Amino acid sequence: MAEVRRFEHGSRVPGWDASVDLRKDPAGVPDPATTPVPAELRAEIEAQMAKYPDFRSAALPALAAVQRHHGWCSPEGIEQAACVMRLTPGYLTAVATFYDMFDTVPTGRNRVYVCTNISCSLRGADELCHRIEQLTADDADIQVKHFECLGACDIAPMVSVNGIYVGPVELDEVDELIDDVRNDRDPLPRKQLRLRPSADTLPMGDGQ
Amino acid sequence: MNKLLFKDIDEPGLNTIDVYRRRGGYEQLRRALSMPREAVLNELLASGLRGRGGAGFAMGKKISFLPKGALDIYLCCNADESEPGTFKDRELMQKNPHMLIEGIIIAAYAAGANKSFIYIRGEYVLQADILDAAVLEAERAGFLGENILGSDHRLSLVVHRGAGAYICGEETALLDSLEGKRGNPRLKPPFPANQGLYQGPTLINNVETLATVPAIMGMGGDAYAKLGTETSTGTKLVSVSGHVKRPGNYEIELGVSSREIIYGLAGGPPEGRSVKLWFPGGSSSPVLTGDDLDLAYDFDTMAKAGSMLGSGAIIVVDDQTSVVDVAYKTAYFYRHESCGKCTPCREGTNWTVKMLERMKAGEATPMDLDIIASVCDNIIGHCLCVLGDAMAMPVGSMVAKFRDEFEEYIEARRQESYLGTADPEPELALIQGAVA
Ligand SMILES: Cc1cc2nc3c(=O)[nH]c(=O)nc-3n(C[C@H](O)[C@H](O)[C@H](O)COP(=O)(O)O)c2cc1C
Ligand code: SF4
Ligand code: FES
């Protein structure tokens, strides 16, 4: 679920779900004649629609394509996807706001998800997240989100950098990690999940 | 013990079709397709294989519930894997995607399904890319498509990426999400076996469940049923995390002692510490304590102990950690992931978090513990799906089993806070209605 803005005492801030101007009529299916869609984006969405028995199943892949293309699920991008899929922008916006990975507000180009769920927090994730947030506070290029369990508790505390899983990340590695992100380098290559052998095959007594 | 799922899991290139076939891959598919559908289903029934995604329902039985007839039948593989503490499907898909694909094709044959989908959580970018490549390889080799291996079986397989929502692991929410909607669970019945994807009959199984199918065909259902215990057959991947020396996935035979897994395989907590509590089946399972370590790890023993095997994710918490922090993290997660459709779940998770926050701020009283217990009682069984229960059960169990610690914590925090300076026992009872 997308982040809900809350008061300190926990209640929802009124208007947290206000995505539309209620004084206007709801937008209909966009007119292809007046909605220019980048050819690449159109081709990608059409290819996705062809994969399913019902074209509407392509809503998530289409929004992902919009996000890749525009950097976020912008109203303009959603309108383009709606135009290709023959749906209303309102429908796609409703879908986009449900999912954590779609950004419906402009955001940094680099997405850094720090897991702060149980297993990671038992191994110092809250401090790690705090440290990363501090370091990137004034970097508009980096979006830091504290995330729920990313399915890699074996490398806790862990971080996903633009989809690449790294961990366990020590506090003194944060500088290096963020430096890698800023300079478009492979993030902490020695700590990446893809290189990790299965714990089941390691000889006994090899724990860290 | 012979490994079935993790056999040579780290063999280089196992994710490619060449290495997989060299090791006998897709031979079970060939064998299955030479048998009648019913015979394949009988093997699965005989194996006693129970679903590995959480509910533990017998897989063969689920297939036999599907209506026969001219309808399109769908198969959905649940690869959403978002239950905190669970990461077994990730390792399987990343290192041995073809085993899953072979399992899907055989299961689809037994179920009479012609269209299949893998719903994988969007965060698993690497694994989804590997699956995409593997599906392409399988298509090229003629294992997917029309007339598979010369038989009358045809099957398409689409890898569908989610976008970050725990609730989409719930089977009916998964279907809505796969249909391109917000992932809200549906009212059951009708169950997916009757009305699932696009209103058609649908078989939904977890990655590990489906990946076990080739092994069952290889050794025969009866031989598989001899592994494990009588009602929890076979081997299981367990994800062990938290305060252990060797966190990771281990393949075990169901019925081994939990101590063997936590201490023997995962190395136990760091030196000088002991197990305070552990979740036996992901963060949704009621917690067990250090006294329960000698329980056998299987579906029924865990249920009898008041918890559940769930997804097979063991989270270990040692004696240096405050139970309040663990309860808070747990409740916070479910509040964030509640889809908001039912009031008990949406409000109950929110109020539980608020009360735990009050405890941390030193503003709570022991009465809050009773309120939490009552909130949890009022969630359980009163919601559309079990996400609400999934918060109520573990948090409720923590409050019940560690009540003393909660009370000490509340008092200690109160002393530290601004309330600590106030007179703890005013002369007149201030609680409403309690004035004499
Ligand atoms: C809130 C919630 C989340 C779930 N998440 C998952 C999941 O991530 N993966 C999974 O396989 N099953 C998950 N399940 C269980 C599924 O609903 C379903 O029972 C399972 O996929 C069936 O497969 P199986 O019989 O092979 O276990 C979840 C259930 C609930 C209520
Ligand atoms: S129990 Fe919670 S997550 Fe499940 S349908 Fe109801 S509100 Fe949604
Ligand atoms: S708790 Fe962080 S990856 Fe699971």
Side-chain angles (χ1 to χ4, degrees), chain A residues 1 3-4 6 9-11 51-64 85 87 94-102 113 116-123 147-156 160 162-165 193-194 196-202 204-208, chain B residues 3 6 9-10 72 81-87 90-91 94-95 115 121-126 158 160-167 177-183 198 239 241-243 245-251 267 283 315 317 321 325-326 329-330 333 336-340 350 353-354 357:
Chain A
M1 294 289 294
E3 200 62 48
V4 176
R6 287 173 194 274
H9 57 75
S11 304
K51 284 182 15 191
Y52 299 91
D54 176 359
F55 71 92
R56 214 175 313 193
S57 285
L60 261 54
L63 286 165
M85 293 188 71
L87 294 168
V95 173
T97 51
F98 188 86
Y99 297 93
D100 280 344
M101 290 174 72
F102 293 137
Y113 298 158
T116 50
N117 208 304
I118 303 176
S119 298
C120 283
S121 71
L122 291 175
R123 288 174 163 255
F147 229 76
E148 301 304 346
C149 180
L150 283 157
C153 329
D154 44 346
I155 55 167
S160 158
N162 296 319
I164 300 172
Y165 280 25
L193 175 76
R194 72 189 159 85
R196 204 177 158 88
S198 171
D200 208 28
T201 60
L202 291 176
M204 285 309 220
D206 197 34
Q208 326 114 350
Chain B
K3 308 267 171 184
F6 267 3
I9 188 75
D10 276 327
D72 264 342
E81 191 163 73
S82 316
E83 172 77 15
T86 318
F87 45 88
R90 182 204 80 211
E91 190 145 32
Q94 177 183 330
K95 295 185 172 169
K115 292 197 171 71
R121 64 181 297 185
E123 294 88 343
Y124 281 175
V125 180
L126 171 68
V158 174
H160 184 90
R161 299 174 197 224
Y166 166 66
I167 191 60
S177 179
L178 186 50
E179 289 178 359
K181 302 174 185 154
R182 292 165 68 90
Y198 311 127
S239 309
S241 66
H243 290 138
K245 292 194 202 112
R246 294 161 30 102
N249 286 313
Y250 297 93
E251 183 170 2
S283 71
I315 308 172
V317 179
T321 310
D325 290 336
V326 180
K329 281 283 170 192
T330 312
F333 169 76
H336 180 84
E337 300 296 341
S338 168
C339 84
N350 188 24
V353 170
K354 283 192 213 174
E357 271 168 356

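Residue numbers begin at 1 in each chain, while the letters A, B, ... track the order of the sequences. In this text the structure is predicted, and so the values were computed from the model without any measurement.
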Can you tell which of [options] has the highest number of heavy-atom pairs within less than 4.5 Å of chain A?
{"options": "B/D72, B/V326, B/T330", "result": "B/T330"}
{"options": "B/H160, B/E251, B/E81, B/R161", "result": "B/H160"}
{"options": "B/G248, B/G122, B/P84, B/G162", "result": "B/P84"}
{"options": "B/S82, B/G242, B/G267", "result": "B/G242"}

Ignoring hydrogens and geometry, is there a side-chain-to-backbone donor-acceptor pair from [X] to [Y] under 3.5 Å?
{"X": "B/N249", "Y": "A/D200", "result": "no"}
{"X": "B/E337", "Y": "B/A165", "result": "no"}
{"X": "A/S57", "Y": "B/L178", "result": "yes"}

* Pair A/R194-A/I164, side-chain contact (heavy atoms from CB on, under 4.5 Å): steps then yes or no -> CA-CA 9 Å; A/R194 72 189 159 85; A/I164 300 172; 5.6 Å; no
Top residue by heavy-atom pair count (under 4.5 Å) with chain B, among [options]?
{"options": "A/T116, A/N162, A/I155", "answer": "A/T116"}
{"options": "A/A58, A/A62, A/A94", "answer": "A/A94"}
{"options": "A/D54, A/I118, A/V95, A/L150", "answer": "A/L150"}
{"options": "A/A59, A/S119, A/G151", "answer": "A/G151"}

Tell me, for [X] versus chain B, whether the close heavy atoms (under 4.5 Å) come from the side chain, the backbone, both or neither.
{"X": "A/S198", "value": "both"}
{"X": "A/Y165", "value": "side chain"}
{"X": "A/A64", "value": "neither"}
{"X": "A/P61", "value": "side chain"}

* Going through the distances and angles, do A/F98 and A/L60 end up as a side-chain contact (heavy atoms from CB on, under 4.5 Å)? -> CA-CA 11 Å; A/F98 188 86; A/L60 261 54; over 6 Å; no
Using non-hydrogen atoms and a 4.5 Å limit, figure out which bit of [X] sits close to chain A: side chain, backbone, both or neither.
{"X": "B/F6", "result": "side chain"}
{"X": "B/Y250", "result": "both"}
{"X": "B/K181", "result": "both"}
{"X": "B/E123", "result": "both"}
{"X": "B/S239", "result": "neither"}

* Kindly indicate, with the supporting measurements, whether the criterion side-chain contact (heavy atoms from CB on, under 4.5 Å) is fulfilled by B/I315 and A/L122. => CA-CA 10 Å; B/I315 308 172; A/L122 291 175; 4.1 Å; yes
* **Heavy-atom side-chain contact between A/D100 and A/E148 under 4.5 Å** =>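 A/D100 vs A/E148: side chains apart.
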* Heavy-atom side-chain proximity of B/Y198 to A/P53 below 4.5 angstrom ->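 Side chain of B/Y198 against side chain of A/P53, heavy atoms only: contact under 4.5 Å found.
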* Asked: Under the side chain to side chain contact (heavy atoms under 4.5 Å, CB included) test, which residues partner A/A156, sequence neighbours left out?
  ->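 Here the qualifying residues are A/C120, A/R123.
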* To do: Give, for atom OH of A/Y113 and atom CE of A/M101, the distance between the pair rounded to the nearest 0.5 Å.
  =>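 Going from the OH atom of A/Y113 to the CE atom of A/M101 covers 5.0 Å.
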* **Least distance between heavy atoms, B/G183 atom then A/Y99 atom** =>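 Heavy-atom minimum between the residues: N-OH, 3.4 Å.
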